[in-house]
A.B. asks: 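The following block contains the structure, expressed as C-alpha cells.
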Amino acid sequence: MEPRPDWLAQVQEEILEPDLPIVDPHHHFWVESGFGRYLLDDLWADTGAGHRVERTVFLECRAEYLREGPEALRPVGETRFVAGLAAQTAAGPEGAARVGAIVGHADLLRGTAVEEVLHAHLEASPLFRGIRHSASWDRGLSRSAQGGGRYLDPAFREGFARLGPLGLSFDAWIYHSQIPDLEDLARAFPGTTIVLDHLGGPLGTGPYEGRREEVFEVWRGHMESLSRCPNVNVKVGGIAMPLNGFGWHERDRPPGSEELAEADRPWCVHAIETFGPERCMFESNFPVDKVSVSYPVLWNAFKRIAAGFSAADKEALFRGTATRVYRLDQ
C-alpha cells in the first residue's frame, strides 16, 4: 500500500513548536517496495516540511540486499546502501536532516555463527549500531500454526548473546501478545540495550477488530511488566499502520493532528509514564505510517501529546533518548 500525496495534502497545518530539535529514530529507505520508492529526497521532503528534524536513524527493511555470495551475508548490502545515502546527508544542504545511525539485519537464529555477519556490518559503516530481527506473529492473523516464540529459541539466544560484547543494540518488532517473550529475553540479557518498536504492536484487525479496550488492557499489563527491565526502551509511535485498526487509510480525508493525538494519547502517555521519558522516543515509522498521515501532522500530534511534559522530558522524548540509545554523538 503506497502513500497517496494528494490525499495527504488535504490536511495542512501550522507547525507547532518549530524550533524544537528532533531526532527521528525510525525510518526506512526503499528503491522499490509495497510502500513505493522512498529515498533521500523523499526523506528530506518530509523532514524539511517545517519540523526541526536534525538527525535520523535508519531501520532495516530488506532494502538492497546483496544478490550474490553467502546468504547470511546478503543483509550487509543494505548497510552499504544506507551508508552511501548517509554520506550524502553529511554533505547535504544546511539544515537538512542527517542519517546518524543504521540498524540492520542478521539472522540471529544462526547462533554463534552470526558473529561473522555482525563484523561485516560494522566494517561496512561506522554508523552501524545494531540489529533488528523481527518476530511479529499472531495465531489469529497467521495462516501458519507455527511462528511464535522466536525470541525464546535457544539458537536465537546464542546469536543474540553476540550483540552485547560488540556494543550493539537490538530492535524488536513484535505484536502486543508477544511482549512477555521480549521481557524474558531482556531479563536473560540485562546488559544488552533493547528497543521495543511501535509501542509493542497493539493489534486492531482480524480477531482484534472492535476490541480496542480489551487489547489496551492486555497491552498495558504487558508493558508495565516489561518496564521493570531497565535495559528496554520504547519507540512511541508506529501505530498508524492498517494492522493497528484505526482505519485512517480508508477515509476520504486523513486525520489532523488533534484527532490523531486524541486516538494515540492513551497508548503514548501510558508508555511514557510507565517507562519514563528517559527510556522513550517518538518515532515516525516513515514511509510505512505515511499511508495514514503526513509527516508534519504526525509530529504535530506528538507535540500535542507531549504538551504537558516538562522541557527536560520533551528533550528526552524528541531527541535525548534516541541520541543515547543509538550513540549518535559517538
A.B. asks: For the backbone of Ala97 and the side chain of Trp44, can you confirm whether one donor and one acceptor N or O come within less than 3.5 Å of each other?
C.D. replies: yes
A.B. asks: If you apply the rule salt bridge (charged side-chain N to carboxylate O under 4.0 Å, His left out), what do you find for Arg129 with Asp171, and how did you get there?
C.D. replies: CA-CA 10 Å; Arg129 294 293 185 268; Asp171 268 69; over 6 Å; no
A.B. asks: For residues Phe318 and Ala306, report the shortest heavy-atom separation together with the two atoms involved.
C.D. replies: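 Looking at all heavy atoms of both residues, the shortest contact is CE1-CB, 3.8 Å.
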A.B. asks: Counting heavy atoms not belonging to Glu116, are there more than 12 under 6.0 Å from its CD?
C.D. replies: no
A.B. asks: Give every donor-acceptor pair under 3.5 Å between a side-chain atom in residues 190-204 and any protein atom, sequence neighbours left out.
C.D. replies:
| from | atom 1 | to | atom 2 | distance (Å) |
| --- | --- | --- | --- | --- |
| Asp197 | OD2 | Arg132 | NH1 | 3.2 |
| His198 | ND1 | Glu283 | OE1 | 3.1 |
| His198 | ND1 | Glu283 | OE2 | 2.9 |

A.B. asks: Any non-hydrogen side-chain atom of Leu243 less than 4.5 Å from a side-chain atom of Tyr175?
C.D. replies: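 Yes, at least one pair of side-chain atoms sits under 4.5 Å.
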A.B. asks: For the pair His26 and His28, name the ring-plane relationship: parallel under 30°, tilted 30 to 60°, perpendicular over 60°.
C.D. replies: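 The arrangement is perpendicular - the two ring planes meet at more than 60°.
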A.B. asks: Using a 3.5 Å distance criterion without hydrogens, assess whether the side chain of Asn300 forms a donor-acceptor pair with backbone atoms of Leu16.
C.D. replies: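 Yes, the answer is positive, given that a donor and an acceptor are paired below the 3.5 Å cut-off.
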A.B. asks: Starting from Tyr295, can I reach Val291 by hopping between I/L/V/M/F/W/Y residues whose side chains sit under 4.5 Å apart?
C.D. replies: yes
A.B. asks: Going only through I, L, V, M, F, W and Y residues with side-chain contacts under 4.5 Å, is there a path from Val76 to Leu163?
C.D. replies: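 Yes.
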A.B. asks: Between the side chains of Asp329 and Arg55, is the shortest nitrogen-to-carboxylate-oxygen separation below 4.0 Å, so that they form an ion pair?
C.D. replies: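 Here Arg55 pairs with Asp329 in a salt bridge, since their nearest N and O are under 4.0 Å apart.
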A.B. asks: Using the six-membered ring wherever Trp is involved, compare the ring planes of His27 and Phe29 and label them parallel, tilted or perpendicular (cut-offs 30° and 60°).
C.D. replies: perpendicular
A.B. asks: Carefully, step by step, assess Arg212 and Trp267 under the rule side chain to side chain contact (heavy atoms under 4.5 Å, CB included).
C.D. replies: CA-CA 11 Å; Arg212 181 161 294 119; Trp267 308 87; 3.8 Å; yes
A.B. asks: Working to the nearest 0.5 Å, report the span between CZ of Phe81 and CZ of Phe58.
C.D. replies: 7.0 Å
A.B. asks: Taking all atoms of both residues into account, what is the closest heavy-atom pair of Glu183 and Cys229, and its distance?
C.D. replies: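 That would be CG-SG, 3.9 Å.
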A.B. asks: Going through the distances and angles, do Ile272 and Leu317 end up as a side chain to side chain contact (heavy atoms under 4.5 Å, CB included)?
C.D. replies: CA-CA 9 Å; Ile272 294 167; Leu317 291 166; 3.8 Å; yes
A.B. asks: Distance-only, no hydrogens or angles: does the Asn285 side chain make a donor-acceptor pair with backbone N or O of Ile239 under 3.5 Å?
C.D. replies: no
A.B. asks: Quick one: does Pro242's side chain get under 4.5 Å of Met1's, heavy atoms only?
C.D. replies: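 The answer is yes; the side chains approach within 4.5 Å.
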A.B. asks: Are more than 12 heavy atoms, taken from residues, nucleotides or ligands other than Glu13, located less than 6.0 Å from that residue's CD atom?
C.D. replies: yes
A.B. asks: Taking the side chain from Ser227 and the backbone from Glu224, do they hold a donor-acceptor pair closer than 3.5 Å?
C.D. replies: yes
A.B. asks: Is Leu182 reachable from Val215 through a run of hydrophobic residues whose side-chain heavy atoms are each under 4.5 Å from the next?
C.D. replies: yes
A.B. asks: Please list, one pair per line, the donor and acceptor atoms closer than 3.5 Å that link side chains of residues 61-69 to other protein atoms, with sequence neighbours excluded.
C.D. replies:
none

A.B. asks: Report the C-alpha distance between Phe160 and His133 in whole Å, list the side-chain angles of each, state the deciding distance to 0.1 Å, and finish with yes or no for side chain to side chain contact (heavy atoms under 4.5 Å, CB included).
C.D. replies: CA-CA 10 Å; Phe160 189 95; His133 190 146; over 6 Å; no
A.B. asks: Let me confirm one number: the CD-CH2 distance from Gln178 to Trp137, rounded to the nearest 0.5 Å.
C.D. replies: 8.0 Å
A.B. asks: Let me check something: do Val57 and Val325 share a hydrophobic cluster, defined by ILVMFWY side-chain heavy atoms less than 4.5 Å apart, either directly or through other members?
C.D. replies: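 They do share one cluster, since a chain of ILVMFWY contacts under 4.5 Å joins Val57 to Val325.
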A.B. asks: Could you tell me whether Arg304 and Asp264 have a side-chain N and a carboxylate O separated by less than 4.0 Å?
C.D. replies: no
A.B. asks: Do you know which two heavy atoms are closest between Ser294 and Leu8, and how far apart they sit?
C.D. replies: N-CD2, 3.6 Å
A.B. asks: Ignoring hydrogens, what is the shortest heavy-atom contact between Ile305 and Ala261? Give both atom names and the distance.
C.D. replies: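 Heavy-atom minimum between the residues: CG1-CB, 3.9 Å.
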A.B. asks: Would you call Glu259 and Arg253 a salt bridge, using N to O less than 4.0 angstrom?
C.D. replies: no
A.B. asks: Is it the case that the side chain of Asp42 and the backbone of Leu39 share a donor-acceptor pair, with hydrogens and angles ignored and the cut-off at 3.5 Å?
C.D. replies: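 Pair found, side chain donor or acceptor close to backbone of Leu39.
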A.B. asks: CG/Leu328 to CZ/Arg319 distance, rounded to the nearest 0.5 angstrom?
C.D. replies: 10.5 Å
A.B. asks: Between CE of Met281 and OH of Tyr326, what distance do you get to the nearest 0.5 Å?
C.D. replies: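 Going from CE on Met281 over to OH on Tyr326, the span is 5.0 Å.
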A.B. asks: Output the distance between atom CD1 (Ile22) and atom CZ (Arg52), rounded to the nearest 0.5 Å.
C.D. replies: 9.5 Å
A.B. asks: Any idea which heavy atoms bring Arg187 and Ser225 closest together, and the distance?
C.D. replies: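 For Arg187 versus Ser225, the nearest heavy atoms are NH2-O, 4.0 Å.
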A.B. asks: Measure from the side-chain N and O atoms of Arg251 to the backbone N and O of Gly247, and report whether any donor-acceptor pair falls under 3.5 Å.
C.D. replies: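 Such a contact is absent between Arg251 side chain and Gly247 backbone.
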A.B. asks: When you measure from the side chain of Arg110 to the backbone N and O of Ala113, does any donor-acceptor pair fall under 3.5 Å?
C.D. replies: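 Indeed, once roles are kept as given, a pair shorter than 3.5 Å links the two residues.
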A.B. asks: Using side-chain heavy atoms (C-beta onward) and a distance below 4.5 Å, is Val297 in contact with Pro255?
C.D. replies: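 A side-chain contact under 4.5 Å is absent here.
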A.B. asks: Which distance, rounded to the nearest 0.5 Å, do you find between the CD of Gln10 and the CZ of Arg4?
C.D. replies: 9.0 Å
A.B. asks: Check for a donor-acceptor pair, side chain of Ser125 on one end and backbone N or O of Leu127 on the other, with a separation under 3.5 Å.
C.D. replies: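 Side chain of Ser125 to backbone of Leu127, a donor-acceptor pair under 3.5 Å: yes, one is there.
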A.B. asks: In sequence, state the C-alpha distance, the side-chain angles, and the governing distance for Glu60 and Ser134, and then conclude on side chain to side chain contact (heavy atoms under 4.5 Å, CB included).
C.D. replies: CA-CA 10 Å; Glu60 66 86 24; Ser134 300; 4.0 Å; yes
A.B. asks: Can you find a heavy atom in the side chain of Leu168 that is under 4.5 Å from one in the side chain of Leu122?
C.D. replies: yes
A.B. asks: Please tell me whether Val23 and Leu40 are part of a single hydrophobic cluster in this structure, the criterion being side-chain heavy atoms less than 4.5 Å apart.
C.D. replies: no
A.B. asks: Please check: side-chain N/O of Trp7 versus main-chain N/O of Asp252, any donor-acceptor pairing under 3.5 Å?
C.D. replies: yes
A.B. asks: Check whether any side-chain heavy atom of His176 lies under 4.5 Å from a side-chain heavy atom of Tyr208, and answer yes or no.
C.D. replies: yes
A.B. asks: CD of Glu258: more than 12 outside heavy atoms within 6.0 angstrom?
C.D. replies: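 No, not enclosed.
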A.B. asks: Of the non-hydrogen atoms in Leu298 and Phe286, which two are nearest, and what is the gap between them?
C.D. replies: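 For Leu298 versus Phe286, the nearest heavy atoms are CD2-CE1, 3.9 Å.
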A.B. asks: So do Pro266 and Arg220 actually touch side chain to side chain, heavy atoms under 4.5 Å?
C.D. replies: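 No, every pair of side-chain atoms sits at 4.5 Å or beyond.
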A.B. asks: Within the side chain of Arg98, is there an N or O that forms a donor-acceptor pair under 3.5 Å with the backbone of Ala96?
C.D. replies: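 Judged by distance alone, yes, a pair lies under 3.5 Å.
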A.B. asks: Are Phe246 and Ser292 packed together at the side-chain level, in the sense that at least one heavy-atom pair is separated by less than 4.5 angstrom?
C.D. replies: no
A.B. asks: Is there side-chain contact between Phe189 and Phe170, with heavy atoms separated by less than 4.5 Å?
C.D. replies: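 Phe189 does not reach Phe170 side chain to side chain.
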